Number of protein chains: 2
Amino acid sequence: MSSYKDKKVITIGIVNELTGLSVRMIRYYEERGLIFPERSERGTRKYSFADIELLLEIANKREEGVQTYEIKQDMLNEKKNSNVRDKLRRGQFNAHFNMRK
Amino acid sequence: MSSYKDKKVITIGIVNELTGLSVRMIRYYEERGLIFPERSERGTRKYSFADIELLLEIANKREEGVQTYEIKQDMLNEKKNSNVRDKLRRGQFNAHFNMRK
DNA sequence: TTTTTATGTTAGAAAATCTGACAATAAAAT
DNA sequence: ATTTTATTGTCAGATTTTCTAACATAAAAA
């Protein structure tokens with residue numbers, strides 16, 4: 001279940017070191033709804049390795065000129081697709097499409 | 001190679017949360033040579049998930065009344081044994097014991 | 001042309017960490 | 001029985017890290 005990859009334990013300074021993204025940009029991508037760090041008791045941000053990988057993908061897309069808004073849409077689509085795949089995998093695909101037949 | 005488990009990216013406050021050990025104790029176990037966090041540029045400690053697991057083991061042994069010195073010796077022995085296993089696995093066992101035959 | 005996006009920078013406050021020291025108790029060693 | 005070592009806690013002052021909010025600017029989009 002909760003693997004190391006998904007545990008939110010990394011502070012923003014380390015994320016900066018690991019991604020090369022400025023602290024400003026890391027916060028901005030949060031503001032734009034691309035990442036969702038947790039917060040400690042008194043408000044300091046905590047990221048996971050998964051977040052870091054995501055930030056690296058975001059950085060790549062940004063270098064290609066893709067805007068944060070589009071990146072977000074892409075991410076939402078991917079999530080939707082993976083949900084569909086989940087349903088397929090669970091054999092609910094037919095159940096869904098043949099409900100009334 | 002460098003998996004998430006071994007990357008030193010976690011600050012001592014988070015280690016405290018994750019292990020329940022006081023910051024004082026975490027530093028003390030370092031002083032006693034049981035753990036080896038890395039340091040950031042200006043000196044703040046950075047731990048890995050592996051370090052955290054080790055700290056939990058240390059905490060267990062301490063609760064059983066084992067002293068840090070003994071814990072360290074145990075760890076050194078385990079390392080030695082795993083080295084022996086490595087050599088065995090590499091087929092160097094016989095080479096070692098039959099050198100002069 | 002006006003608005004939005006994407007960053008940088010700065011300022012002041014708050015949070016987190018560091019080292020070193022002193023204290024106290026328990027346990028071990030002599 | 002006395003002395004020493006081990007294991008924590010706490011405190012103080014300094015340093016580092018992070019936070020929010022604001023202002024600035026160039027490029028891109030509308």
Side-chain angles (χ1 to χ4, degrees), chain A residues 7-52 54-77, chain B residues 7-52 54-77:
Chain A
K7 276 206 111 112
K8 308 249 183 181
V9 296
I10 308 177
T11 53
I12 199 166
I14 308 273
V15 175
N16 161 245
E17 284 176 26
L18 263 35
T19 62
L21 294 170
S22 72
V23 168
R24 179 69 170 82
M25 281 160 66
I26 296 167
R27 295 205 194 101
Y28 181 66
Y29 296 150
E30 175 183 0
E31 188 183 321
R32 303 291 296 183
L34 301 183
I35 48 173
F36 305 92
E38 288 179 0
R39 296 289 186 123
S40 75
E41 298 273 319
R42 304 204 197 49
T44 76
R45 274 169 263 249
K46 298 187 294 183
Y47 302 85
S48 66
F49 283 112
D51 290 329
I52 287 171
L54 187 48
L55 282 168
L56 291 174
E57 288 178 32
I58 292 168
N60 285 337
K61 297 227 180 136
R62 284 292 303 122
E63 279 177 24
E64 293 168 14
V66 186
Q67 286 180 229
T68 56
Y69 180 77
E70 295 182 54
I71 296 175
K72 185 176 180 177
Q73 298 312 312
D74 291 354
M75 283 168 43
L76 291 176
N77 284 338
Chain B
K7 276 205 111 105
K8 308 251 183 181
V9 295
I10 308 177
T11 54
I12 199 165
I14 307 273
V15 175
N16 161 245
E17 284 175 26
L18 263 36
T19 63
L21 294 170
S22 73
V23 167
R24 179 68 170 82
M25 281 160 64
I26 297 166
R27 296 205 194 102
Y28 180 65
Y29 296 151
E30 176 184 359
E31 189 183 321
R32 303 292 295 183
L34 301 183
I35 48 173
F36 304 93
E38 287 179 1
R39 296 291 186 121
S40 75
E41 300 272 320
R42 305 206 196 47
T44 76
R45 275 167 263 248
K46 298 187 295 182
Y47 302 84
S48 65
F49 282 113
D51 289 329
I52 286 171
L54 187 48
L55 282 168
L56 290 173
E57 288 179 33
I58 292 168
N60 285 336
K61 297 230 181 133
R62 284 291 303 124
E63 278 177 23
E64 293 167 13
V66 186
Q67 286 180 227
T68 56
Y69 180 78
E70 295 182 54
I71 296 174
K72 185 175 181 181
Q73 298 311 312
D74 291 353
M75 284 169 43
L76 292 176
N77 284 338

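Note that this is a predicted model, so its numbers are computed, not measured. By convention in this document, chain letters (A, B, ...) are assigned in the order of the sequence lines, proteins followed by strands, and residues within each chain are numbered from 1. Just the heavy atoms: all of them, side chains too, but no hydrogens, waters or symmetry mates, feed the values below.
With distances taken from any side-chain atom of A/Arg32 to the nucleotides D/dT18, C/dT5, D/dG9, the minimum falls on C/dT5. Distances from the side chain of A/Arg27 to the nucleotides C/dT17, D/dT18, C/dT9 place D/dT18 closest.
OP1 and OP2 of C/dA27 both lie 4.0 Å or more from every side-chain N or O belonging to B/Gln67. Taking side-chain N and O atoms only, B/Ser22 has no distance below 4.0 Å to OP1 or OP2 of D/dT8. For C/dT4, neither phosphate oxygen OP1 nor OP2 lies less than 4.0 angstrom from any side-chain nitrogen or oxygen of A/Tyr69. For D/dT18, the OP1/OP2 oxygens have a side-chain nitrogen or oxygen of A/Thr11 closer than 4.0 Å.
The distance from atom CZ of B/Arg42 to atom P of C/dT17 is 16 Å, rounded to the nearest whole Å. For the pair A/Glu17 CD and D/dT18 C1', the interatomic distance rounds to 14 Å; values are reported in whole Å. Atom CD in B/Glu41 sits roughly 12 Å away from atom C1' in D/dT16 (whole-Å rounding). Residue A/Ile10 contributes atom CD1, which lies 16 Å from atom C1' of D/dT18 at whole-angstrom precision. Across the protein-nucleic acid pair, B/Ile14 atom CD1 and C/dA15 atom C1' stand 12 Å apart, rounded to whole Å. The separation between B/Arg45 atom CZ and C/dT19 atom P is 4 Å, rounded to whole Å. Nucleotide D/dT7 holds its P atom 10 Å from the CE atom of B/Met25, rounded to whole Å. Put simply, CZ on A/Arg62 is 10 Å from P on D/dA28, counting in whole angstrom units.
Contact of A/Arg24 with C/dT9 (side chain to base): a donor-acceptor pair of N or O atoms is detected under 3.5 Å.
If you find the closest nucleotide of DNA chain C to A/Val66 and to A/Gly43, the one lying nearer the 5' end belongs to A/Val66. Both B/Tyr28 and B/Ser40 lie near DNA chain D, and the one whose nearest nucleotide falls closer to the 5' end is B/Tyr28. Of the two residues contacting DNA chain C, namely B/Arg39 and A/Thr44, the nearest-nucleotide position lying further toward the 5' end is that of A/Thr44.
Exactly one residue among A/Asn16, A/Thr19, A/Leu18 makes a side chain to side chain contact (heavy atoms under 4.5 Å, CB included) with A/Leu55. That residue is A/Thr19. With respect to B/Ile71, the side chain to side chain contact (heavy atoms under 4.5 Å, CB included) criterion is satisfied by exactly one of B/Ile58, B/Asn60, B/Leu54, B/Leu76: B/Ile58.
With salt bridges taken as basic N to acidic carboxylate O contacts below 4.0 Å, one links B/Lys46 and A/Glu17. In summary, A/Glu30 and A/Arg45 engage in a salt bridge, as defined by a charged side-chain N under 4.0 Å from a carboxylate O.
Taking every heavy atom of both residues into account, A/Leu34 and A/Thr68 meet most closely at CD2-O, 3.7 Å.
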